[in-house]
*Asks:* 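After the structure tokens below, expect a handful of questions from me.
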Amino acid sequence: MDITEVGCVTGYTSGVQLRYNYRLYPTPGQRAALARAFGCARVVFNDGLQARLEARAAGLPYITDAELSARLTAAKATQERAWLGEVSAVVLQQALADLSAAYRNFFASVKGTRKGPKVGPPRFRSRKDHRQAIRFTRNARFSVTLGGKLRLPKIGDIPVRWSRRLPSAPSSVAVIMDSAGRYFASFVVETDPDVLPEAEPMIGIDLGLAHFVVLSDGRKVASPRFLRRAEHKLKRRQRDLSRKQKGSRNRDKARVKVARAHARVADARREFHHQLSTALIRENQAVAVEDLAVTGLARTHLAKSVHDAGWSAFVHMLEYKARRYGREFIRIGRFEPTSRVCSACGARDGPKPLYIRTWQCQSCGAWLDRDVNAAVNVARAAGLAVSACGAQVRPEVIPAQRGEAGTHLKPRREAA
């Protein structure tokens, strides 16, 4: 399955930096050359990490990037590391750049200046890692031939499955091999922001499990549950893998089958996220979504369903596509009581268990759909002017207001 995703959006004032992925189909000889490049980059990364760890253990100053580059040049002249010259020098220098970036992220995380979760120190790379990657910059003089192949130094012309055209000349390309043995080329290109014409609708989104998204206008999108649907096949593949002898070639073949089965599930989920997020961004001028505690939800009995939904990846797509196309993206706090407030009158009716999907407001008497009501409250908490027409399930005569809040499952006994 071809993957054509956009990612890594940075800078939205003058230009946009995008990443375009395409499937590669190298020949057996090119696969051997790529494996050699993966191994050399891994060795250079590990040598640089080992040098810095030894310097720290000995109480010596931090080894700079320039000194690591000089040590790499000296190592290529020795007999023990002479085989590093069989690959492009840019690949080796980029491996050292990755090591320096990993250290910068670690130091920023320790100081508290880096956003997101804490990042640990760099670790040694292994040939058994599920992802192997090398990067070529413009200094490597990679190019796309007239026949549509990707020309890489000391590797050759690799056939590419072009699913769409590149908007501009790429500044770099990363060649990636995943755990399923598939190869991809990830191009980084510079392009101008593609601002869409202004649209009237402004919408709030409530994420869920039974319905993947519920919109404030009453629309619901069912959750595809890709992992649940593929569980039977995954279980069979995993059982076959467990029966193979460790270290045998049959076990390695079974491992690849398991990885490919999981890759199909991940690709289908990613494609669904891209199509839905693009449609929402194109149709609406502003999008509001609730900031869910996915890490905490993944520790509950709903962990498998939460991971199957992939909320974090979907919200990330909404955010960067909104910036790219000139839309407004708003993320409200996770402690906003969206499920406890009536979208019709604004009264807070207290917490409700998950099995209650519709409820009646004790103040105004409106019957509300739990998910649609939450989506409307998400939009209103973000300051969007939305209609709450989709939140009411059926109108009824407004009863007298009760003295206390809460959802009463059984009617109270009438006074005699």
*Asks:* Return all side-chain donor-acceptor pairs below 3.5 angstrom for residues 118-129, not counting sequence neighbours, or 'none' if the list is empty.
*Replies:*
{"from": "K118", "atom 1": "NZ", "to": "S109", "atom 2": "O", "distance (Å)": "3.0"}
{"from": "S126", "atom 1": "OG", "to": "K128", "atom 2": "N", "distance (Å)": "3.1"}
{"from": "D129", "atom 1": "OD2", "to": "S126", "atom 2": "N", "distance (Å)": "3.0"}

*Asks:* With rounding to the nearest 0.5 Å, note down the distance linking CD1 in I134 to CE in M177.
*Replies:*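 It is 10.5 Å, given to the nearest 0.5 Å.
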*Asks:* Decide yes or no on side chain to side chain donor-acceptor pair (under 3.5 Å) for Y62 and R52, but give the supporting numbers first.
*Replies:* CA-CA 7 Å; Y62 179 80; R52 284 180 171 172; 2.8 Å; yes
*Asks:* List for me each residue that meets ring-ring contact (aromatic ring centres under 6.0 Å, His included) alongside H262, sequence neighbours excluded, and say none if there are none.
*Replies:* none
*Asks:* Does the ring center of F212 lie less than 6.0 Å from the ring center of F272?
*Replies:*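 Aromatic pair counts; centres sit under 6.0 Å.
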*Asks:* Salt bridge check, R249 against D252: does any charged N sit closer than 4.0 Å to a carboxylate O?
*Replies:* no
*Asks:* Any side-chain heavy atom of D206 sitting closer than 4.5 Å to one from L215?
*Replies:* no
*Asks:* Considering non-hydrogen atoms only, spot the tightest contact between A288 and A379 and give its length.
*Replies:*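 The pair with the smallest heavy-atom distance is CB-CA, 4.2 Å.
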*Asks:* Flag the pair R264 / F226 as yes when at least one side-chain heavy-atom distance between them is below 4.5 Å, and no otherwise.
*Replies:*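 Not in contact.
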*Asks:* Assess whether side chain to side chain contact (heavy atoms under 4.5 Å, CB included) is satisfied between V160 and Y25, documenting all intermediate values.
*Replies:* CA-CA 6 Å; V160 185; Y25 294 92; over 6 Å; no
*Asks:* Between V175 and L34, is there a side-chain heavy-atom distance shorter than 4.5 Å?
*Replies:*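 Counting from C-beta outward, L34 and V175 do come under 4.5 Å.
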*Asks:* Go through it in stages, so that I can follow the logic: the residues are R269 and D308, the test is side chain to side chain contact (heavy atoms under 4.5 Å, CB included), and I'd like the CA-CA distance, side-chain angles, deciding distance and then a yes or no.
*Replies:* CA-CA 8 Å; R269 184 188 299 112; D308 191 11; 3.2 Å; yes
*Asks:* Output, in order, the C-alpha distance, side-chain angles, deciding distance and verdict of side chain to side chain contact (heavy atoms under 4.5 Å, CB included) for I176 and L24.
*Replies:* CA-CA 9 Å; I176 304 167; L24 296 179; over 6 Å; no
*Asks:* Could E86 and K154 be called an ion pair, given the rule that one side-chain N must be under 4.0 Å from one carboxylate O?
*Replies:*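 A salt bridge is absent here (no side-chain N lies under 4.0 Å from a carboxylate O).
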*Asks:* Answer yes or no: is there a donor N or O on one side and an acceptor on the other, between the side chain of T300 and the main chain of L302, under 3.5 Å?
*Replies:*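 Flag set: sc T300 to bb L302 pair under 3.5 Å.
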*Asks:* Once rounded to the nearest 0.5 Å, what's the spacing between atom CG of L68 and atom CG of D47?
*Replies:* 10.0 Å
*Asks:* Would you sort out whether R270 and D267 count as a salt bridge (Lys or Arg N to Asp or Glu O under 4.0 Å), showing the intermediate values?
*Replies:* CA-CA 5 Å; R270 187 182 301 110; D267 291 345; 3.0 Å; yes
*Asks:* Say whether, by atom type as modelled, one donor and one acceptor occur between the side chain of D178 and the main chain of A180 under 3.5 angstrom.
*Replies:*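 Such a contact is found between D178 side chain and A180 backbone.
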*Asks:* What I want to find out is whether R135 reaches D98 closely enough, with some N-O distance under 4.0 Å, to be called a salt bridge.
*Replies:*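 Answer for the salt bridge query: yes.
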*Asks:* Does the pair T27 and I158 meet the rule for a side chain to side chain contact (heavy atoms under 4.5 Å, CB included), with working shown?
*Replies:* CA-CA 8 Å; T27 62; I158 305 177; over 6 Å; no
*Asks:* Is D240 salt-bridged to K235, going by a charged N under 4.0 Å from an acidic O?
*Replies:* no
*Asks:* Give the ring-plane orientation class for F187 versus F142, where under 30° counts as parallel, over 60° as perpendicular and anything between as tilted.
*Replies:*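 F187 and F142: tilted rings.
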*Asks:* With heavy-atom distances below 4.5 Å as the criterion, would you say the side chains of C40 and L92 are in contact?
*Replies:*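 The answer is yes; the side chains approach within 4.5 Å.
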*Asks:* Among R323, K321, H316, exactly one meets side-chain hydrogen bond (donor to acceptor under 3.5 Å, both in side chains) together with E319. Which residue is that?
*Replies:*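 Testing each of R323, K321, H316 against E319, the sole residue satisfying side-chain hydrogen bond (donor to acceptor under 3.5 Å, both in side chains) is R323.
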*Asks:* Between the main-chain N or O of N284 and the side-chain N or O of R327, is there a donor-acceptor pair closer than 3.5 Å?
*Replies:* yes
*Asks:* Rounded to the nearest 0.5 Å, how far apart are CG of N377 and SG of C342?
*Replies:* 8.0 Å
*Asks:* If you round to the nearest 0.5 Å, how far is CG of L297 from OG of S305?
*Replies:* 11.0 Å
*Asks:* Counting distance only, does the side-chain N/O of S172 pair as donor-acceptor with the main-chain N or O of T137 below 3.5 Å?
*Replies:* no
*Asks:* Please indicate whether R56 has more than 12 foreign heavy atoms, meaning atoms of other residues, nucleotides or ligands, lying under 6.0 Å from its CZ.
*Replies:*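 No, not enclosed.
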*Asks:* Backbone N or O of D157 within a donor-acceptor pair of the Q30 side chain at under 3.5 Å?
*Replies:*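 Checked: pair present.
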*Asks:* Within the distance-only criterion (no hydrogens, no angle test), does the side chain of W162 pair as donor or acceptor with the backbone N or O of K149 below 3.5 angstrom?
*Replies:*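 Between the backbone of K149 and the side chain of W162 there is no qualifying donor-acceptor contact (under 3.5 Å).
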*Asks:* Of all the heavy-atom pairs spanning R225 and A210, show the shortest one and how long it is.
*Replies:*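 R225 and A210 have their closest heavy atoms at NH2-CA, 3.7 Å.
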*Asks:* Once you round to the nearest 0.5 Å, how far does CD of Q132 lie from NE2 of H130?
*Replies:*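 Result: 9.5 Å between the selected atoms.
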*Asks:* I need the minimum non-hydrogen distance between R161 and Y22, along with the two atoms involved.
*Replies:* O-CD2, 3.7 Å
*Asks:* Determine the minimum heavy-atom distance between A298 and H307, stating which atoms define it.
*Replies:* CB-NE2, 3.5 Å
*Asks:* Do side-chain atoms of S248 reach the backbone of K244 as a donor and acceptor pair under 3.5 angstrom?
*Replies:* no
*Asks:* Please give me the minimum heavy-atom distance between L234 and A261, naming the atom from each residue.
*Replies:*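 Looks like CD2-CB, 3.4 Å.
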*Asks:* Looking at every heavy atom in both L318 and I281, which two are closest together, and how far apart are they?
*Replies:* O-CD1, 3.7 Å
*Asks:* Taking CZ in R260 as the centre, count heavy atoms belonging to other residues, nucleotides or ligands within less than 6.0 Å. Is the count above 12?
*Replies:*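 Counting neighbours around CZ of R260, 12 or fewer heavy atoms of other residues, nucleotides or ligands fall under 6.0 Å, so no.
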*Asks:* Do side-chain atoms of S168 reach the backbone of E190 as a donor and acceptor pair under 3.5 angstrom?
*Replies:*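 Indeed, once roles are kept as given, a pair shorter than 3.5 Å links the two residues.
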*Asks:* Ignoring hydrogens and geometry, is there a side-chain-to-backbone donor-acceptor pair from Q285 to A199 under 3.5 Å?
*Replies:*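 Yes, the answer is positive, given that a donor and an acceptor are paired below the 3.5 Å cut-off.
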*Asks:* Are V378 and I332 packed together at the side-chain level, in the sense that at least one heavy-atom pair is separated by less than 4.5 angstrom?
*Replies:*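 They are in side-chain contact.
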*Asks:* Can you check side chain to side chain donor-acceptor pair (under 3.5 Å) on S186 and N21, steps first, answer last?
*Replies:* CA-CA 4 Å; S186 181; N21 291 0; 2.8 Å; yes
*Asks:* Could you tell me whether a side-chain N or O of R23 sits under 3.5 Å from a main-chain N or O of R182, the two making a donor and an acceptor?
*Replies:* no
*Asks:* With a 4.5 Å heavy-atom cut-off, do R282 and Y325 have their side chains touching?
*Replies:* yes
*Asks:* Are any non-hydrogen side-chain atoms of D65 and Y103 less than 4.5 angstrom apart?
*Replies:* no
*Asks:* Does a side-chain N-to-carboxylate-O contact under 4.0 Å join E336 and R380?
*Replies:*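 No.
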*Asks:* Please examine the side chains of D369 and R357, heavy atoms only from C-beta on, and report whether any two atoms are closer than 4.5 Å.
*Replies:* no
*Asks:* As an exercise, state the distance from NZ of K76 to CG of L84, rounded to the nearest 0.5 Å.
*Replies:* 7.0 Å
